[in-house]
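Working notes, beginning with the structure itself.
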Amino acid sequence: MRIPKADLPEDLPAGLLHPLFGLDHVAAMLAVGLWGAFLGLPALIVLPIVFPLVMAFGGVLGILGIPLPGVEIGIAVSAIVLGLMVALAARPHLAIAAVLVGLFAIFHGYAHGAELPDGADAVAYSLGFVIATGLLHLAGIAFGTVVRWPQGRIAVRAAGSVIALAGLVFLGRLI
Amino acid sequence: MKRGAAAAAGLLAAAMPAHAHTVIDGVSGFPGGFLHPLLVPAHALLLLTLGLLVGQQSAVRRRRLMPLFPVSLLAAIGLIAAAAAADSQALILWLCAINGALLALAWRLPPAVPAMLTIAAALALMLDSVPALLSVRDTLLALGGTAVAALLLFVLFVTLSACASRPWQIVGRRIIGSWAAASAVLVLALRFVK
């Protein structure tokens with residue numbers, strides 16, 4: 001019987017904190033939540049449900065060491081594109097939004113999977129960072145609910161602009 | 001987890017824990033196993049009483065009863081081998097992934113599916129919870145404690161889920177399923193690599 005009590009307190013918090021240490025991750029995850037709030041139903045439901053699963057797929061690719069070129073660039077571009085979607089209040093068809101978000105989710109998941117530390121209580125760590133990612137989405141959605149007011153829409157679109165600019169900074173550092 | 005599963009196999013196999021393995025030091029494998037029912041008094045007595053009892057029955061009954069014994073011997077070997085070889089933690093992770101995905105999809109399932117998942121989960125939990133280095137008594141007590149705790153948690157979560165009626169609660173349940181499936185898939189990938 002596994003009794004990883006000694007490991008659990010160290011690995012669950014580590015997993016929870018991991019997505020928060022990458023500003024590029026934080027920016028993109030918040031943008032997903034903001035965009036979901038802008039798109040409304042059913043995107044508001046679909047994105048938080050689908051995103052962890054697609055991200056896990058990307059994580060599996062990272063764990064298996066399957067080459068995926070330009071992961072960090074993909075992550076930076078995700079902040080730019082998703083931030084622009086919010087800034088421009090873009091409302092494409094749900095399928096297009098889902099494909100776009102799914103594509104970027106693979107890059108984010110790949111980065112997390114490849115960074116999974118050895119010896120960690122894997123279940124606790126994975127739960128931690130999946131939950132943290134989901135909570136970032138929810139934070140974005142929560143902030144995005146202010147779109148019901150005109151000033152709120154401006155605030156959310158401004159936040160999208162900030163995220164897109166941050167993405168440009170991240171990309172600039174990589175090039 | 002293999003140690004726990006092997007201990008489960010030992011628990012199933014041990015008639016008398018002190019003599020559960022080699023009866024004669026240095027004689028193991030098939031010869032050691034062959035000598036086991038001959039030299040362990042309780043086993044020999046059981047075979048004697050059973051053989052005499054079955055022989056006491058009518059010819060028709062004897063013909064029906066006789067095949068039961070070797071079939072049951074083989075079934076027991078199969079169960080013990082399965083228990084020893086089972087990667088119970090992988091099974092638990094697979095069940096987490098399947099349950100989580102089904103929760104996220106919120107499909108209408110045929111009754112057999114949740115029934116099978118319930119049975120599989122209970123078996124996997126207990127198989128993965130066998131303490132490796134305790135006496136039979138302490139092992140059974142530990143397993144009893146695990147079973148009680150598992151049952152209480154199961155009832156709690158079923159009740160909470162059944163009470164989910166508002167849209168945010170129903171969506172939240174699906175999101176939890178998605179998180180759980182994602183985590184389980186990642187860990188399974190890790191195990192595959194390692």
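Residue numbers begin at 1 in each chain, while the letters A, B, ... track the order of the sequences. Note that the coordinates shown come from a computational prediction; the quantities given were computed from them, not determined experimentally.
- Taking non-hydrogen atoms and a 4.5 Å limit, the residue list of residues 171-180 of chain B in contact with chain A, ordered by number, reads B:Val171, B:Arg174, B:Ile175, B:Ser178, B:Trp179.
- Linking Ile, Leu, Val, Met, Phe, Trp and Tyr residues whenever their side-chain heavy atoms come within less than 4.5 Å leaves A:Val162 and A:Leu168 in two separate clusters.
- B:Phe157 and B:Val155 fall into different hydrophobic clusters, where Ile, Leu, Val, Met, Phe, Trp and Tyr side chains are chained together by heavy-atom contacts under 4.5 Å.
- Of the listed residues (B:Ser183, B:Ala101, B:Gly100), the greatest number of heavy-atom pairs within a distance under 4.5 Å of chain A belongs to B:Ser183.
- One hydrophobic cluster holds both A:Phe104 and A:Ile66 under the rule that ILVMFWY side chains link at heavy-atom gaps under 4.5 Å.
- B:Val185 pairs in a side chain to side chain contact (heavy atoms under 4.5 Å, CB included) with only one of the listed residues (A:Val60, A:Ile63, A:Val130, A:Leu53), which is A:Val60.
- Under the 4.5 Å side-chain contact rule for hydrophobic residues, B:Leu73 and B:Leu38 do not share a cluster.
- When hydrophobic clusters are built by joining Ile, Leu, Val, Met, Phe, Trp and Tyr residues whose side-chain heavy atoms come closer than 4.5 Å, directly or via intermediates, A:Trp35 is not grouped with A:Leu88.
- No more than 12 heavy atoms of other residues, nucleotides or ligands lie within 6.0 Å of CZ in A:Phe57, so this atom counts as exposed by the packing criterion.
- Few gaps surround CZ on B:Arg62; more than 12 heavy atoms of other groups in view lie less than 6.0 Å from it.
- Taking all atoms of both residues into account, the shortest heavy-atom contact from B:Ala104 to A:Ile49 is CB-CG2, 3.9 Å.
- In this structure, no portion of B:Leu188 lies under 4.5 Å from any heavy atom of chain A.
- Only the side chain of A:Phe129 comes within less than 4.5 Å of a heavy atom in chain B; its backbone stays farther off.
- The residue among A:Val50, A:Leu44, A:Ile131, A:Val54 with the most heavy atom pairs within less than 4.5 Å of chain B is A:Ile131.
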